[in-house]
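Below is one structure, written out as structure tokens; the observations come after it.
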Number of protein chains: 2
Amino acid sequence: MERLPPLNAIKAFEVAARAGSFTLAASELGVSSAAVSQQIRNLETWFGKQLFVRSGNRIALTDAGHAIYPQTAKALGDIAAIGRRMLEGGLRTRLVVSVPFSLAELWLAPRLAMLLDAFPQMAIDVRVEDDPVDLMRQNIDLRISYGDYHYPGLKLVRLVHDDVLPVCAPEFWRRHGNGDPSLADLHESQFIHTNWGPNYASHPTWADWFAASGGSRSPDPSHGRRVGLSSLAIASARLGLGIALGQRVMARADLEAGRLIELSPVSVRLGHPYCAFMPPAKADRADVAGLVELLTKTAPATCGKVGAPR
Amino acid sequence: MERLPPLNAIKAFEVAARAGSFTLAASELGVSSAAVSQQIRNLETWFGKQLFVRSGNRIALTDAGHAIYPQTAKALGDIAAIGRRMLEGGLRTRLVVSVPFSLAELWLAPRLAMLLDAFPQMAIDVRVEDDPVDLMRQNIDLRISYGDYHYPGLKLVRLVHDDVLPVCAPEFWRRHGNGDPSLADLHESQFIHTNWGPNYASHPTWADWFAASGGSRSPDPSHGRRVGLSSLAIASARLGLGIALGQRVMARADLEAGRLIELSPVSVRLGHPYCAFMPPAKADRADVAGLVELLTKTAPATCGKVGAPR
DNA sequence: CCCCTCCATAAGTTTTTCTTGCTCAATCCT
DNA sequence: AGGATTGAGCAAGAAAAACTTATGGAGGGG
């Protein structure tokens with residue numbers, strides 16, 4: 001193989017020639033028009049021939065530009081086809097989604113249910129595992145992860161930046177509550193503490209919530225109930241076992257149904273957003289794109305009063 | 001046009017798949033093997049699929065890799081063909097060479113004569129002009145230039161880093177010389193001064209030569225003969241009009257024929273080398289490559305004692 | 001005739017790519 | 001076997017490429 005022309009310049013040329021304008025090409029490519037101008041210049045320098053004639057503020061292809069345009073379009077189209085071909089691969093079109101334990105039950109499951117309602121024949125695999133995950137070896141199409149820092153090189157979509165707030169069962173509050181939303185006088189044993197695990201070191205604790213609400217209490221985890229999973233904290237609160245610091249997105253259904261009540265308007269933002277990651281080539285797949293869109297829409301930004309992030 | 005896979009990674013993949021080794025691919029691409037390794041990894045991340053299986057120190061294509069290799073090779077071949085097609089362009093194959101005035105007569109002309117001896121039917125245009133030159137607009141295939149700093153983006157080949165030395169006609173030296181190679185006692189009017197022009201500000205003067213030879217004389221240009229072209233300085237010396245500070249490559253023929261004599265082993269290196277520039281795509285053309293090779297071979301590095309560069 | 005759009009250019013910054021230096025695993029060769 | 005060799009992976013820093021911002025100029029349209 002002999003020396004190739006600069007491939008990114010070829011790409012810029014194809015778009016610019018098709019668009020008939022550097023500005024339009026720039027917006028299609030998602031860069032500034034100056035960048036396109038420079039790429040075209042690079043290519044012209046490489047060939048030693050002008051590809052566009054510039055007259056004032058508009059451009060037109062030269063003979064040479066016209067001559068090569070169809071070939072560039074074809075070659076780039078072929079390369080795009082490679083990407084498409086690669087995805088079909090094993091001609092199974094199962095959608096493989098990987099989630100952390102904490103999100104599987106209360107967050108992902110109801111949303112997948114919505115998707116399956118709309119497309120009942122869709123084949124979805126859900127894998128529950130903690131970061132880090134090797135998407136490549138396990139043929140995972142979409143990974144949901146806490147934080148945007150795992151998986152460099154993959155396409156990232158931020159889903160929701162959640163917050164936590166004190167919740168408990170209405171019955172529990174009737175029996176043990178004293179009507180004070182500051183929770184200042186509650187007995188230590190009434191608090192449910194969540195042990196977030198090593199991947200979630202920055203998750204807020206009861207001490208953080210009290211700090212955000214203006215207090216300075218720091219309930220001792222050794223006295224209250226301790227659970228090792230955030231969805232379990234919600235479930236425990238729902239069962240009337242105490243007051244949990246629950247994630248809003250996970251408690252929402254229970255709150256709306258009245259199975260849980262919000263004890264205070266004060267909440268604490270998590271340290272990181274929940275994100276979806278996928279191999280860039282797979283982002284174009286209809287099923288992946290559909291799921292990401294659904295998740296994006298149904299994982300709304302938190303509302304209500306929010307305390308300072310820790 | 002949808003999103004394209006990273007094109008340079010595709011290129012690396014094609015070479016690596018063909019070579020069957022990242023190391024071989026690296027040497028073909030002119031980069032380190034680590035660079036290839038990373039590019040392949042990029043592409044695998046993009047697709048979310050492995051393209052090679054690694055076992056110890058060797059690699060093999062996966063199914064997926066095998067599936068896409070032919071398509072990548074084809075697409076890249078098509079792009080390479082674009083470059084080739086571009087060069088044939090107007091189906092005339094005149095070789096257009098552009099040189100500065102100073103090199104045209106005594107340096108380029110005899111070398112082109114050699115080329116035309118070997119290929120008498122070759123059509124060559126020689127254009128004589130000073131830097132900077134617009135290669136693109138004038139369809140110039142090869143530009144010879146003093147210095148390696150003009151024409152960024154073009155392929156550069158360094159031809160010769162020349163030096164200047166005092167030369168004169170044997171007859172002149174017999175009549176006016178005193179046998180002293182330091183030239184300390186020569187009358188100021190015997191010196192031929194070359195005015196190099198604005199593009200050659202760093203060219204050495206008689207003062208530089210005296211400094212390099214250990215003296216400190218600084219002949220006054222207003223007394224001696226002044227010429228505006230280095231080849232004219234040589235010609236003047238040949239005609240017995242004085243002692244010139246001549247460029248070795250330009251005086252060589254006259255020196256070997258005895259029409260000029262070298263007055264001193266001390267010479268001064270020029271500030272920059274002479275270089276050939278060409279659009280990268282044209283470097284592969286047989287005629288351009290042939291001429292560049294000829295020029296490289298017949299423009300040897302200077303030999304003999306050389307003073308310090310100024 | 002003025003204004004507005006669009007391209008060119010330069011300087012500075014960011015991002016990508018590459019190199020260097022090291023480690024590890026497999027193979028080769030006495 | 002066992003040291004030597006070869007080739008790939010990885011991480012840090014260096015180098016190169018690409019991009020952005022800001023500014024200027026040339027046309028075309030109101």
Side-chain angles (χ1 to χ4, degrees), chain A residues 3-13 15-46 50-62 65 132 134 136-137 148-149 151-156 280, chain B residues 4-13 15-46 50-62 65 132 134 136-137 148-156 280:
Chain A
R3 185 204 315 270
L4 286 169
L7 297 175
N8 292 320
I10 292 278
K11 179 166 74 177
F13 168 77
V15 179
R18 179 156 42 77
S21 147
F22 290 179
T23 303
L24 286 180
S27 77
E28 174 170 339
L29 291 166
V31 299
S32 68
S33 71
V36 174
S37 179
Q38 288 168 117
Q39 290 285 357
I40 301 292
R41 174 166 297 282
N42 284 353
L43 195 60
E44 290 177 326
T45 300
W46 171 275
Q50 287 204 212
L51 298 169
F52 289 94
V53 286
R54 285 88 165 159
S55 68
N57 69 350
R58 61 194 48 187
I59 57 169
L61 284 171
T62 60
D134 184 342
M136 217 154 59
R137 290 187 159 285
D148 51 14
Y149 42 87
Y151 315 112
L154 295 186
K155 181 170 157 70
L156 174 161
Chain B
L4 287 169
L7 298 174
N8 291 320
I10 292 276
K11 177 166 75 178
F13 168 78
V15 178
R18 180 156 42 78
S21 148
F22 290 178
T23 304
L24 288 179
S27 76
E28 174 169 339
L29 291 167
V31 299
S32 69
S33 71
V36 174
S37 179
Q38 288 168 116
Q39 290 285 5
I40 301 293
R41 176 162 298 284
N42 283 355
L43 195 59
E44 290 177 326
T45 300
W46 172 274
Q50 286 203 212
L51 299 169
F52 289 94
V53 287
R54 285 87 165 160
S55 68
N57 70 350
R58 63 194 45 188
I59 58 167
L61 282 171
T62 59
D134 184 343
M136 219 154 58
R137 291 188 157 285
D148 51 14
Y149 43 87
H150 295 296
Y151 315 113
L154 295 186
K155 181 172 157 69
L156 174 161

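All values reported here derive from a predicted model rather than from experimental measurement. Chain letters run A, B, ... following the sequence lines, proteins first and then strands; every chain starts at 1.
- Each of D/dG9, D/dA18, D/dG27 was ranked by its minimum atom distance to the side chain of A/Asn8; first place goes to D/dA18.
- Taking every side-chain heavy atom of B/Thr23 into account, D/dA8 is the closest of D/dA8, D/dG9, D/dC19.
- Here the side chain of A/Ser37 pairs no donor or acceptor atom with the backbone of A/Ser33 at under 3.5 angstrom.
- The CZ atom of A/Phe22 sits 20 Å away from the P atom of D/dG25 (whole-angstrom rounding).
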Problem - Verdict with supporting geometry, A/Ile40 and A/Arg54, side-chain contact (heavy atoms from CB on, under 4.5 Å) - result: CA-CA 12 Å; A/Ile40 301 292; A/Arg54 285 88 165 159; 3.9 Å; yes

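- Comparing B/Arg54 and A/Gly56 by the nucleotide of DNA chain D whose heavy atom lies nearest to each, the residue mapping closer to the 5' end is B/Arg54.
- Protein chain B contacts DNA chain C over a range whose 5' and 3' limits, counting nucleotides with an atom under 4.0 angstrom from a non-hydrogen atom, are C/dT17 to C/dA26.
- Backbone-only contact: B/Ser21 has heavy atoms under 4.0 Å from sugar-phosphate atoms and none from a base.
- Of the possible donor and acceptor atoms, none in the side chain of A/Thr45 sits under 3.5 Å from a partner among the backbone N and O of B/Gly153.
- One N or O on the side chain of B/Gln38 and one on the backbone of B/Ala34 form a donor-acceptor pair closer than 3.5 Å.
- Rounding to the nearest 0.5 Å places CG of B/Leu43 at 11.0 Å from CG of B/Asn8.
- Atom CG of B/Leu4 is separated from atom CG of A/Leu7 by 10.5 Å, given to the nearest 0.5 angstrom.
- For the pair B/Arg58 and D/dT6, the criterion of a side-chain N or O lying under 4.0 Å from OP1 or OP2 is not met.
- The interatomic distance linking B/Ile59 (CD1) with D/dT6 (P) rounds to 17 Å, in whole Å.
- Rounding to the nearest 0.5 angstrom, the gap separating the NE2 atom in B/His150 from the CG atom in B/Leu156 is 11.5 Å.
- The CD-P distance, from A/Gln39 to D/dA18, rounds to 5 Å in whole Å.
- Over its full length, the helix from C/dC1-D/dG30 to C/dT30-D/dA1 turns its helical axis through 30°, comparing axes from the five pairs at each end and rounding to 10°.
- For the atom pair B/Phe13 CZ and B/Leu61 CG, the distance stands at 5.5 Å (nearest 0.5 Å).
- Each of A/Ala35 and A/Ser55 was assigned the nucleotide of DNA chain D with the nearest heavy atom; the assignment lying further toward the 5' end belongs to A/Ala35.
- If you measure from atom CD1 of B/Ile40 to atom P of D/dG7, you get 16 Å, rounded to the nearest angstrom.
- The CZ atom of A/Arg41 lies 8.0 Å from the CD atom of A/Gln50; values are rounded to the nearest 0.5 Å.
- Whole-Å rounding puts the A/Gln38 CD to D/dA17 P distance at 13 Å.
- When the side-chain nitrogen and oxygen atoms of B/Arg41 are compared with OP1 and OP2 of D/dC10, one or more of them lie within a distance under 4.0 Å.
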